[in-house]
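I have placed the structure first, in the form of structure tokens, so that the comments after it can refer back to it.
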Amino acid sequence: MTIETVGVVGAGTMGNGITQTAAVAGLKVIMIDVTDAALAKGIATLTSSLERLVAKDKLDAATRDAALARIETSTDYQRLAAADLVVEAATENVELKNRILKQIEAVVQPHAIIASNTSSISITALGATLADPTRFIGMHFFNPVPLLPLVEIIRGLQTSAATADSVRELTERLGKSPIGVKNSPGFVVNRILVPMINEAFFVLAEGVASAEEIDAGMRLGANHPIGPLALADLIGLDVCLSVMDVFLKDFGDTKYRACPLLRELVAAGHLGRKTKQGVYKYD
């Protein structure tokens with residue numbers, strides 16, 4: 001199936017990044033959120049991102065303008081009837097995602113593929129809430145979406161081969177590099193990455209080193225481009241905590257216990273860059 005129109009539910013960090021990427025690749029995009037204010041913020045964010053790419057000569061002005069012209073925003077799920085594929089890009093909350101996925105399925109065409117950008121939740125379990133789980137798949141982008149090339153494509157137990165093939169083809173059309181992943185908590189990258197981030201919070205809480213020293217150690221000693229605590233701020237501390245909680249629940253292994261400091265920062269509303277304060281403070 002040729003995919004020409006993509007729906008994106010969620011105008012936040014991941015949603016507007018997916019929207020930008022698809023529009024730049026020449027696809028029409030319908031971005032949905034619950035309020036006009038959320039949509040306006042999402043458009044402002046992706047417009048600024050495009051402007052930065054133009055300023056760095058990584059994109060020309062004509063491509064920027066054409067991409068923006070391909071984006072439609074709406075609070076009405078009925079607009080998704082025009083989409084060949086819809087990506088759910090909501091917060092890592094099972095109940096919320098299940099509700100959104102059912103809303104999507106109620107309005108899309110029978111041929112449309114439904115994907116979730118979940119970073120840790122079971123694709124098989126999410127698909128089980130749908131009437132036709134054969135057309136449901138995981139399509140996990142990484143933040144910042146316009147810059148990072150990886151997309152994890154996760155087949156649930158019910159996902160059809162045709163759905164997986166179409167999504168892989170689309171991913172490559174977006175200029176991304178897909179990897180096929182079996183359904184398992186955290187898939188590949190977050191299964192390895194988020195426990196490492198959680199361990200960095202334990203090291204910080206125990207006073208082994210300062211946040212700056214921990215991050216410098218991993219940058220300079222492990223050749224990471226960004227330290228784990230700065231990366232947590234970029235991802236969102238609430239997202240990191242949600243992933244660890246999913247691991248603890250699904251694996252039943254205490255090695256996935258979230259660091260109390262991480263939980264405390266989230267409780268305080270210090271979620272990282274998006275709230276201007278996490279491990280670090282941001283202007």
Side-chain angles (χ1 to χ4, degrees), residues 13-14 88-99 116-129 138 140-143 150 152-157 179-219 221-275 277-280:
T13 300
M14 299 306 294
E88 168 273 311
T91 304
E92 286 292 281
N93 178 285
V94 174
E95 290 75 21
L96 175 63
K97 287 183 181 292
N98 283 337
R99 186 166 68 250
S116 175
N117 183 55
T118 180
S119 57
S120 61
I121 301 169
S122 169
I123 296 302
T124 296
L126 289 174
T129 67
H140 180 211
F141 293 82
F142 288 78
N143 183 34
L150 180 66
E152 291 179 320
I153 298 176
I154 310 102
R155 287 180 64 170
L157 186 65
I179 61 171
V181 179
K182 291 182 179 179
N183 185 58
S184 179
F187 316 126
V188 171
V189 175
N190 280 342
R191 171 81 175 270
I192 299 166
L193 176 66
V194 180
M196 183 197 73
I197 290 173
N198 190 56
E199 192 64 24
F201 276 97
F202 274 116
V203 172
L204 178 62
E206 292 166 13
V208 176
S210 68
E212 292 80 3
E213 288 166 331
I214 292 166
D215 280 349
M218 294 305 292
R219 288 198 318 272
N223 202 29
H224 291 194
I226 184 173
L229 297 173
L231 180 57
D233 277 354
L234 179 62
I235 295 169
L237 271 59
D238 53 335
V239 176
C240 293
L241 178 60
S242 294
V243 172
M244 289 304 298
D245 284 344
V246 167
F247 288 172
L248 182 62
K249 175 179 176 291
D250 288 359
F251 287 117
D253 191 328
T254 56
K255 74 178 182 179
Y256 296 112
R257 178 176 65 92
C259 177
L261 175 59
L262 172 59
R263 198 174 294 281
E264 186 80 357
L265 287 168
V266 172
H270 298 171
L271 308 183
R273 288 179 179 268
K274 59 188 173 185
T275 60
Q277 184 170 357
V279 177
Y280 301 100

To the closest 0.5 Å, what do you measure between OG (Ser184) and CZ (Phe247)?
8.0 Å

Within the distance-only criterion (no hydrogens, no angle test), does the side chain of Ser210 pair as donor or acceptor with the backbone N or O of Glu213 below 3.5 angstrom?
yes

State which residues pass side-chain hydrogen bond (donor to acceptor under 3.5 Å, both in side chains) with Glu152; sequence neighbours excluded, sorted by chain then number.
His140

Donor-acceptor pairs are to be reported for all side-chain atoms of residues 229-242 against protein atoms at under 3.5 Å, with residues two or more places apart or in another chain.
residue	atom	partner	partner atom	Å
Asp233	OD1	Val279	N	2.9
Asp233	OD2	Val279	N	3.3
Asp233	OD2	Tyr280	N	3.0
Asp233	OD2	Tyr282	OH	2.6
Asp238	OD1	Lys274	NZ	2.9
Asp238	OD2	Lys274	NZ	3.1
Ser242	OG	Asp238	O	3.0

How far does NE2 of His270 sit from CD of Gln277, to the nearest 0.5 angstrom?
4.0 Å

Close side-chain approach of Ser116 to Ile121, heavy-atom, < 4.5 Å:
no

What heavy-atom pair brings Ala258 and Met244 nearest, and what distance separates the two atoms?
CB-CB, 4.1 Å

Could you give all pairs that pass the salt bridge (Lys or Arg N to Asp or Glu O under 4.0 Å) test and reach residues 182-196, with sequence neighbours left out?
none

Atom pairs and distances, donor-acceptor, side-chain atoms in residues 192-209, under 3.5 Å, two or more places apart:
residue	atom	partner	partner atom	Å
Asn198	OD1	Cys259	N	2.8
Asn198	ND2	Arg257	O	3.0

Tell me, please, which residues at least two apart from Thr13 pass side-chain hydrogen bond (donor to acceptor under 3.5 Å, both in side chains).
none

Restricting to pairs with a member in residues 241-250, which pass salt bridge (Lys or Arg N to Asp or Glu O under 4.0 Å), not counting sequence neighbours?
Asp245-Arg263

Measure the CD1-CZ distance between Ile154 and Phe187 for me, rounded to the nearest 0.5 Å.
4.0 Å

Check whether any side-chain heavy atom of Ile123 sits under 4.5 Å from a side-chain heavy atom of Thr118, and report yes or no.
yes

Stepwise side-chain contact (heavy atoms from CB on, under 4.5 Å) test for Asp215 and Ile226
CA-CA 7 Å; Asp215 280 349; Ile226 184 173; over 6 Å; no

Kindly check if the number of other-residue, nucleotide or ligand heavy atoms within 6.0 Å of CG (Asp253) is above 12?
yes

Can you tell me if Glu92 uses its side chain to pair, donor with acceptor, with the backbone of Val243 under 3.5 Å?
no

Tell me yes or no: between the side chains of Thr124 and Asn183, is some donor less than 3.5 Å from an acceptor?
yes

What I'd like to find out is whether the side chain of Ser120 reaches to under 4.5 Å of the side chain of Asn190, using heavy atoms alone.
no

